Amino acid sequence: MNQEEYNRLLSQVAPSPELVKRTREQIHLEGERRRKKAESRWLFRGFRRGLAVAAAMLVMGVNISPAFAQMLEKVPVLGQAVQVVTVRNWFSQQGNRQITVDQPGLSGDGASWAVNINEEIQQTVDRYLEEANQRLEEYKQAVLATGGSEEEFDSRHFQVSVDYEIQYQSDQYLSYVLYGRESWTGAGQITRFYNLDLTTGEVLTLEQLLGENWKELAEQAVRQQMAQRDPEGNLYFPPEMGASPQVTEETSFYLNENGDVVLYFEPYTIAPGGYGPQTFVVEREEEAGGEDASVS
């Protein structure tokens, strides 16, 4: 489905009164909660201005797109200015191929740094959808080359989906993940983590979150949790096969609901693919005068 077809379909749909009412009620409740929290702060005037902008954007989105309103539960208010919003929400069905896209984006008053993040996500999603379509074509050719027929292939159903999930949010930090999934193969699936400091727009690093000894703390946490989960040594690959818990600046991670670091290892990296991705928690401790970390 191209943009013109999407716009045509969108123009034919109007949000229900109940959906509009529910959306406005949620905006009101969120505004009241944030107002009470901010009354004791000298930034209260700036907060009110930011809330007005956010409310106007959401109400406008409801009037334009019912899909936008239905996704409101995934649109929390972050800090004083930044929001995660669903910037692209569409569905396409062509023959036996189905595509569903819920693409995240950052929106905020004065958060000019969010533009680069949004552009990077846009490029990632576009590239993933293009490559997923190419993989499906290659899969079709493989089916035909091994004796399958066009009719047999057309009788199957193939799904491609793009979605996201917010893992952690506070006035300072935001952590969310972008997913790309295909129903017929796991080879092309993607998982991208975005960990941001909302006060500066910088991408968070393990050193910023865990301190100078981040590598030692992280690898100690991995070793401890590997031993707890696999005392017999049957789950993880042995060290000679690369299972040594090496944590580097390139290691993927996100923040969980407690604000702790969760290290993420793709399938097949330290354990057989059938066990799925492996995650390890490294607890963070906040102390007066700075942030430190400890291993659970």
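Scope of the values below: all heavy atoms of this structure, side chains included, with no hydrogens, waters or symmetry mates. Owing to the predicted nature of the structure, the values given are computational and were not obtained by experimental measurement.
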- [ ] Answer with yes or no whether the side chains of Thr86 and Tyr164 bring together a donor and an acceptor at under 3.5 Å.
- [x] yes
Task: Side-chain (Asn195) to main-chain (Phe253) donor-acceptor, under 3.5 angstrom - done: yes
Open item on the list: Show the nearest heavy-atom pair for residues Thr248 and Leu206, with the distance to one decimal.
Closed with: O-CD1, 3.8 Å
- [ ] Give, for atom CD of Glu137 and atom CG of Asn133, the distance between the pair rounded to the nearest 0.5 Å.
- [x] 5.5 Å
Open item on the list: Under the rule for salt bridge (Lys or Arg N to Asp or Glu O under 4.0 Å), what residues qualify as partners of Arg223, not counting sequence neighbours?
Closed with: none
TODO: Determine whether the side chains of Thr199 and Asp197 contain a donor N or O and an acceptor N or O closer than 3.5 Å.
DONE: yes
Open item on the list: Determine whether a donor-acceptor pair (N or O, by modelled atom type, separation under 3.5 Å) exists between the side chain of Asp230 and the backbone of Gly233.
Closed with: yes
Open item on the list: Rounded at 0.5 Å granularity, tell me how far CD in Gln189 sits from OG in Ser161.
Closed with: 8.0 Å
TODO: Indicate whether any N or O donor in one side chain lies under 3.5 Å from an N or O acceptor in the other, for Glu151 and Ser155.
DONE: no
Open item on the list: I need the Arg229 CZ to Leu235 CG distance, nearest 0.5 Å.
Closed with: 8.5 Å
Task: Residue pairs passing the salt bridge (charged side-chain N to carboxylate O under 4.0 Å, His left out) test where at least one lies in residues 181-190, sequence neighbours excluded - done: Arg135-Glu182
- [ ] State whether the number of non-hydrogen atoms from other residues, nucleotides or ligands found under 6.0 Å of Glu130 atom CD is greater than 12.
- [x] no
Open item on the list: The test is ring-ring contact (aromatic ring centres under 6.0 Å, His included); show your working for Tyr264 and Phe193 and say whether it passes.
Closed with: CA-CA 10 Å; Tyr264 178 93; Phe193 297 102; 4.9 Å; yes
Open item on the list: To the nearest 0.5 Å, what is the distance between CG on Leu255 and CG on Asp260?
Closed with: 8.5 Å
Open item on the list: On a heavy-atom basis, which atom in Leu198 and which in Ser170 lie closest, and how many Å separate them?
Closed with: CD1-O, 3.6 Å
Task: OG1-CG distance between Thr205 and Leu210, expressed to the nearest 0.5 angstrom - done: 8.5 Å
- [ ] Specify the closest pair of heavy atoms between Thr200 and Trp113, including all atoms of both residues, with the distance to one decimal.
- [x] O-CD1, 4.2 Å
Open item on the list: So does Tyr179 get a backbone contact from the side chain of Asp163, meaning a donor-acceptor N/O pair under 3.5 Å?
Closed with: no
Open item on the list: For a quick check under 3.5 Å, do Asn258 and Arg284 share a side-chain donor-acceptor pair by atom type?
Closed with: no
Open item on the list: Please give me the minimum heavy-atom distance between Ala221 and Val282, naming the atom from each residue.
Closed with: CB-CG2, 3.7 Å
TODO: Begin from the C-alpha positions of Leu106 and Tyr194 and carry the test side chain to side chain contact (heavy atoms under 4.5 Å, CB included) through to its verdict.
DONE: CA-CA 11 Å; Leu106 299 179; Tyr194 295 86; over 6 Å; no
Open item on the list: Tell me whether the rings of Tyr236 and Phe280 are parallel (<30°), tilted (30 to 60°) or perpendicular (>60°).
Closed with: tilted
Task: Residues Tyr139 and Arg156: side-chain donor-acceptor under 3.5 angstrom - done: yes
Task: For Pro267 against Gly276, the heavy-atom pair lying closest together - done: CG-C, 3.8 Å
Open item on the list: Evaluate Leu263 against Val222 for side chain to side chain contact (heavy atoms under 4.5 Å, CB included), listing each step before the verdict.
Closed with: CA-CA 8 Å; Leu263 304 173; Val222 174; 3.6 Å; yes
Open item on the list: What I want to check is whether the side chains of Tyr176 and Gln169 have a donor and an acceptor closer together than 3.5 Å.
Closed with: no
Open item on the list: With side-chain contact (heavy atoms from CB on, under 4.5 Å) as the test, pick out the partner of Trp90 among Thr100, Asp102, Val101, Val162.
Closed with: Val101
Open item on the list: Quick one about Gln122 and Asp126 (side-chain donor to acceptor, distance below 3.5 Å, no hydrogens or angles considered), yes or no?
Closed with: yes
Task: Separation between OG1 of Thr251 and CD of Glu219, rounded to the nearest 0.5 Å - done: 8.0 Å
- [ ] Could you list the residues that satisfy salt bridge (Lys or Arg N to Asp or Glu O under 4.0 Å) with Glu150, not counting sequence neighbours?
- [x] Lys140
